A.B. asks: 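Handing you this structure, nothing more for now.
Letters A, B, ... are given to chains in the order of the sequence lines, protein chains preceding strands, and every chain is numbered from 1. Keep in mind that what you see is a predicted model, and the values were worked out from it rather than measured.
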Protein chains: 2
Amino acid sequence: MMQPMAKRVQSAGFKLTPPRQAVLQVLEESREHLTPAEVLARAQAIYPSLGRATVYRTIELLINLGVVRPIFLGARGMCLTLAEGGHHHLICFECGSVIEFEECTVGELEQELAQRLNFQIRGHLLEFYGVCERCHD
Amino acid sequence: MMQPMAKRVQSAGFKLTPPRQAVLQVLEESREHLTPAEVLARAQAIYPSLGRATVYRTIELLINLGVVRPIFLGARGMCLTLAEGGHHHLICFECGSVIEFEECTVGELEQELAQRLNFQIRGHLLEFYGVCERCHD
DNA sequence: CCTATAATGAAACACGGTCTCAATGAGAAC
DNA sequence: GTTCTCATTGAGACCGTGTTTCATTATAGG
Ligand SMILES: [Zn+2]
Ligand SMILES: [Zn+2]
Ligand SMILES: [Zn+2]
Ligand SMILES: [Zn+2]
């Protein structure tokens with residue numbers, strides 16, 4: 001069975017080439033928070049002649065298809081995350097550590113905003129900033 | 001009366017020089033979502049000989065003091081925002097436009113997380129991603 | 001006023017990301 | 001299968017952002 005990202009790419013009319021498949025596989029398997037440089041390194045392990053430009057082009061394609069989304073993760077800089085669904089982080093000012101949490105209370109707000117502003121909402125990001133347990137007292 | 005940011009800088013033991021004051025004034029007046037390059041351009045209108053390095057050094061200082069915070073705003077890239085309080089955005093995949101909203105339903109969750117994880121929370125970011133009214137149908 | 005030292009701007013540098021272009025190869029047409 | 005076309009590719013030049021270095025300046029305190 002075909003990977004879901006590959007299917008999205010192909011059914012949008014784009015060719016499914018080996019360089020693209022390598023990038024898709026990396027994004028699909030590690031599924032969280034990689035920088036473009038990390039995607040490049042991992043995908044080159046699958047397809048060694050892969051170039052930087054192709055990685056950026058494939059990422060741009062996936063962003064336009066609404067498959068992935070860039071987020072700015074503290075000291076790590078720009079990272080990629082799946083576009084659908086919610087992502088929830090606690091981020092420490094001091095040490096930059098990122099704690100993920102699952103609870104989410106924005107469902108109702110999401111529906112209300114979508115209706116009022118006629119906005120098709122596909123995902124969200126909720127981040128709290130502060131000082132973690134280790135970094136205060 | 002002294003601007004609040006200037007006070008924070010001075011009472012933390014740093015000198016309040018004209019180049020710094022220009023950067024503080026820009027961040028304080030426009031109060032939202034400027035990139036460092038935009039801060040540089042605006043602050044140079046106040047203090048023409050201002051150098052890029054000083055802008056970055058001042059921003060770093062303010063981040064360490066917990067006054068501002070970097071966020072990644074879609075196509076605009078890294079922008080600065082006040083560290084305290086909440087920021088709420090609707091961001092369009094297609095055109096990159098950013099709509100701000102005021103409603104916020106994360107107060108309780110914030111308190112619960114702060115208590116359970118012993119995390120001092122000082123601000124938050126809530127972003128919904130999707131397709132805006134103009135960009136669908 | 002003088003001094004110690006924090007802060008500065010210029011310039012070199014590092015790096016991420018984009019663009020250009022010639023070469024390639026996937027897929028359609030037959 | 002062969003041929004054709006055009007999307008896709010990698011190399012490398014390029015650009016803007018952010019960092020570092022260093023000699024010079026200017027602040028704040030004595
Ligand atoms: Zn959520
Ligand atoms: Zn911490
Ligand atoms: Zn809020
Ligand atoms: Zn839009």
A.B. asks: Looking at B:R122 and B:E110, does any basic side-chain N land under 4.0 Å from a carboxylate oxygen?
C.D. replies: no
A.B. asks: How many Å lie between CE on B:M78 and C1' on D:dT19, as a whole number?
C.D. replies: 13 Å
A.B. asks: Whole angstrom is fine here: how far is it from CZ in A:R20 over to C1' in C:dG25?
C.D. replies: 13 Å
A.B. asks: A:P36 has a side chain; which of C:dG17, C:dG9, D:dG10 sits nearest to it?
C.D. replies: C:dG17
A.B. asks: Could you state the CD-P distance from A:E38 to C:dC15, rounded to the nearest angstrom?
C.D. replies: 15 Å
A.B. asks: With a 4.5 Å heavy-atom cut-off, do B:T105 and A:E108 have their side chains touching?
C.D. replies: no
A.B. asks: Are any of A:R57's side-chain N or O atoms less than 4.0 Å away from OP1 or OP2 of C:dT18?
C.D. replies: no
A.B. asks: Rounded to whole angstroms, how far apart are CZ on B:F14 and C1' on C:dA7?
C.D. replies: 11 Å
A.B. asks: Would you tell me if any nitrogen or oxygen in the side chain of A:Y56 comes within less than 4.0 Å of OP1 or OP2 on C:dT18?
C.D. replies: no
A.B. asks: Output the rounded distance in Å from CG (A:L61) to C1' (D:dA7).
C.D. replies: 12 Å
A.B. asks: What are the two closest heavy atoms between A:L82 and A:R69, and how far apart are they?
C.D. replies: O-NH2, 4.3 Å
A.B. asks: Hey, which of these two, B:T54 or A:T17, hits DNA chain C nearer its 5' end, going by closest nucleotide?
C.D. replies: B:T54
A.B. asks: Using whole Å, what does the distance between atom C1' of nucleotide C:dG25 and atom NZ of A:K15 come to?
C.D. replies: 8 Å
A.B. asks: DNA chain D: B:A53 or A:P19, which has the more 5' nearest nucleotide?
C.D. replies: A:P19
A.B. asks: Classify B:A37 by what it touches in the nucleic acid, base, sugar-phosphate, or nothing, heavy-atom distance under 4.0 Å.
C.D. replies: sugar-phosphate
A.B. asks: Take atom CD of B:Q21 and atom P of D:dA26, then tell me their distance rounded to the nearest Å.
C.D. replies: 15 Å
A.B. asks: Do you know which of B:I63, B:L61, B:L62 makes side-chain contact (heavy atoms from CB on, under 4.5 Å) with B:I59?
C.D. replies: B:I63
A.B. asks: I want to confirm an ordering. Mapping A:P18 and B:G13 to their closest nucleotides on DNA chain C, which one lands closer to the 5' end?
C.D. replies: B:G13
A.B. asks: Could a donor-acceptor pair under 3.5 angstrom be found where the side chain of B:R52 meets the base of D:dG18?
C.D. replies: yes
A.B. asks: Is it the case that the side chains of A:E100 and A:H33 hold a donor-acceptor pair, with the cut-off being a distance below 3.5 Å and no angle test?
C.D. replies: yes
A.B. asks: Report the distance from atom CG of A:L40 to atom P of C:dC15, rounded to the nearest whole Å.
C.D. replies: 15 Å
